[in-house]
Amino acid sequence: MDRILNMFSNRSVRRFTAASLLCMLLCTLGGWALAEKQARQNVRLLQTQQLQIAGKLESSMPEAREQIRSAMLEERTAEDLARGEALLGAYGLRITDTSPKTNQTYQIIREQLLTDLLLYGMTAPLLLFLLAMFAQSRILLGVQALTAACRGISAGKAPLMSKRIPDGDLLVCGLELQRLYDVCMHFKQIMQREKEQLRQRMQDISHQMKTPLSVIKLNLELLLEHPDMPLHKKTGFVQTNLKELSHMEWLISNQLKLARLEAGVVEYNLRLLPVGDTCRTVWMRFRQTAAQQDTELFCNVPKEILLWHDPAWLSEALTNLVKNALEHTKGGRVEITGEETPMTVQLTIRDNGSGISPAERAALFERFNRHSSALSEASTGIGLSIAKRITEDQGGELILEPNSDRGCCFHLCFLKKQKP
């Protein structure tokens, strides 16, 4: 029963059923009209024969006119039928005789009935056949349109929903094909973008690794070619190699972090904690580095500011921002501050260093984008990309203040929210 009801949910099935019922009704009315017509013709034929018989008798026996009238109009009995059959039976006229050769009445009725039945019997099936062909042609055209759409998808072309597709399941199928094509194109674009990102990443890694590997190789070759080199020079080459290896380690570590972030496989442990503790952890990490380059490093974030965040990963983002500030500031000032409003929590990393030129701001957060004003040659140019991704993954936004008079000012803005 459910399958039948499900079939009638299709608009084409409902149309075809309604048309079939209408055709059956027309055929029934046609059969009734044919039967009524035939009955009237038979009555007319019998009355004609009775009138002819009455006229024949009256012309032969004018004096028996009243008896003829009575015989034709009064009720007849079975005895009358028996006497009539006895009188005319010898001439082949009996009640059981239906041979068209001897019974003229039967012959006339039979010919008329066969003619009407032949006409009706051809008209009704023809009407049903035309109705079925019309329904079948609509379905066939719809299937052909869907086939053309499938071929277009196979060729990488967008399927065009033709007006030949009728309403109902075929139209739903066509719309699903369109949706499938859109989904495939979306994933194709994602794959192409990821492929381009992978190519660019491999190119960046190759470029970044080439210099330290060349330095290490050259130093090792010099050590092999000059085994009698003084110890202090050998120590210098080894220290240089260790420095380059540390740079490579930092580069690979950051690259792996960025790859995990971009792949969306990092699981953040968001907790409602004082964000000032996280900022002070970063401040403690860079105090000695700042002192070595005569840079003042301050942290002024109120302890009462609470924020849903992952301390480890937010600390990573702040670390990259503070490291970037120190790389552009020598003998200046770097400050970490925090501010709370009824709607937001904002952390700010401000420095009064060399700043970033307007031409470099557009590509500020791209990977391996080293600023021309960087003081450290060990800068990898990947820290800001990591900081931006971590901030956005935790529901925040990393913004570079556009109108800084001197130095840089980064804002990490987070909306206050309930537990995620």
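- Within the 4.5 Å cutoff, no side-chain heavy atoms of Thr278 are placed close to those of Leu273.
- No donor-acceptor pair closer than 3.5 Å links the side chain of Asn300 to the backbone N or O of Thr337.
- The two atoms that bring Tyr268 and Arg389 nearest to each other are OH-O, 4.5 Å, heavy atoms only.
- Here Ile305 contributes atom CD1 and Asp277 contributes atom CG; the two are 11.5 Å apart, rounded to the nearest 0.5 Å.
- The backbone N or O of Pro227 lies less than 3.5 Å from a partner atom in the side chain of Lys234, making a donor-acceptor pair.
- With hydrogens and angles disregarded, no donor-acceptor distance shorter than 3.5 Å links the side chain of Gln346 to the backbone of His411.
- Under the 4.5 Å side-chain criterion, counting only non-hydrogen atoms from C-beta, Trp313 is not in contact with Asn269.
- Here NE2 of His328 is found 10.0 Å from NZ of Lys323. Values are rounded to the nearest 0.5 Å.
- Nearest heavy atoms, Gly338 versus Leu347: CA-CD2, 4.1 Å.
- Counting only distance, with no hydrogens or angles, the side chain of Lys416 and the backbone of Thr341 share a donor-acceptor pair below 3.5 Å.
- Residues His226 and Asp228 are in side-chain contact: their nearest non-hydrogen atoms beyond the backbone lie under 4.5 Å apart.
- When all heavy atoms of Met229 and Phe237 are compared, the closest pair comes out as SD-CE1, 3.4 Å.
- Here the closest non-hydrogen pair linking Pro274 and Lys303 is CB-O, 3.5 Å.
- Taking CD1 of Ile399 as the start and NZ of Lys388 as the end, the distance is 8.5 Å to the nearest 0.5 Å.
- Distance check, rounded to the nearest 0.5 Å: OG1 of Thr348 to CD of Glu335 gives 9.0 Å.
- A donor-acceptor contact shorter than 3.5 Å links the side chain of Gln293 to the backbone of Leu326.
- Residues Phe410 and Asn324 are in side-chain contact: their nearest non-hydrogen atoms beyond the backbone lie under 4.5 Å apart.
- In terms of heavy atoms, Gly276 sits closest to Val301 at CA-CG1, 3.6 Å.
- Proximity of a side-chain donor or acceptor of Asn352 to a complementary backbone N or O of Arg333 within less than 3.5 Å is detected.
- For the pair Leu321/Leu412, a side-chain contact is recorded, criterion being any heavy-atom separation below 4.5 Å from C-beta on.
- No more than 12 heavy-atom neighbours from other residues, nucleotides or ligands sit within 6.0 angstrom of CD on Gln288.
- Atom CD of Gln192 has more than 12 neighbouring heavy atoms from other residues, nucleotides or ligands inside a 6.0 Å radius.
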Show your reasoning for whether salt bridge (Lys or Arg N to Asp or Glu O under 4.0 Å) applies to Glu196 and Arg199. CA-CA 5 Å; Glu196 178 60 25; Arg199 186 193 66 81; 2.5 Å; yes
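- Nearest heavy atoms, Gly331 versus Thr295: N-OG1, 3.2 Å.
- Looking at heavy atoms from C-beta onward, Leu398 lies out of side-chain contact with Glu392 at the 4.5 angstrom threshold.
- Note that CD of Glu221 is 12.0 Å distant from CD1 of Ile216, once rounded to the nearest 0.5 Å.
- If you take CG on Leu314 and CG on Leu307, they are separated by 7.0 Å, rounding to the nearest 0.5 Å.
- By the 6.0 Å contact criterion, CE on Met284 is open, its count of non-hydrogen atoms from other residues, nucleotides or ligands being 12 or less.
- Residues Phe414 and Thr391 form a side-chain contact, since some pair of their non-hydrogen atoms from C-beta on lies under 4.5 Å apart.
- Here the side chain of Asn320 pairs no donor or acceptor atom with the backbone of Leu384 at under 3.5 angstrom.
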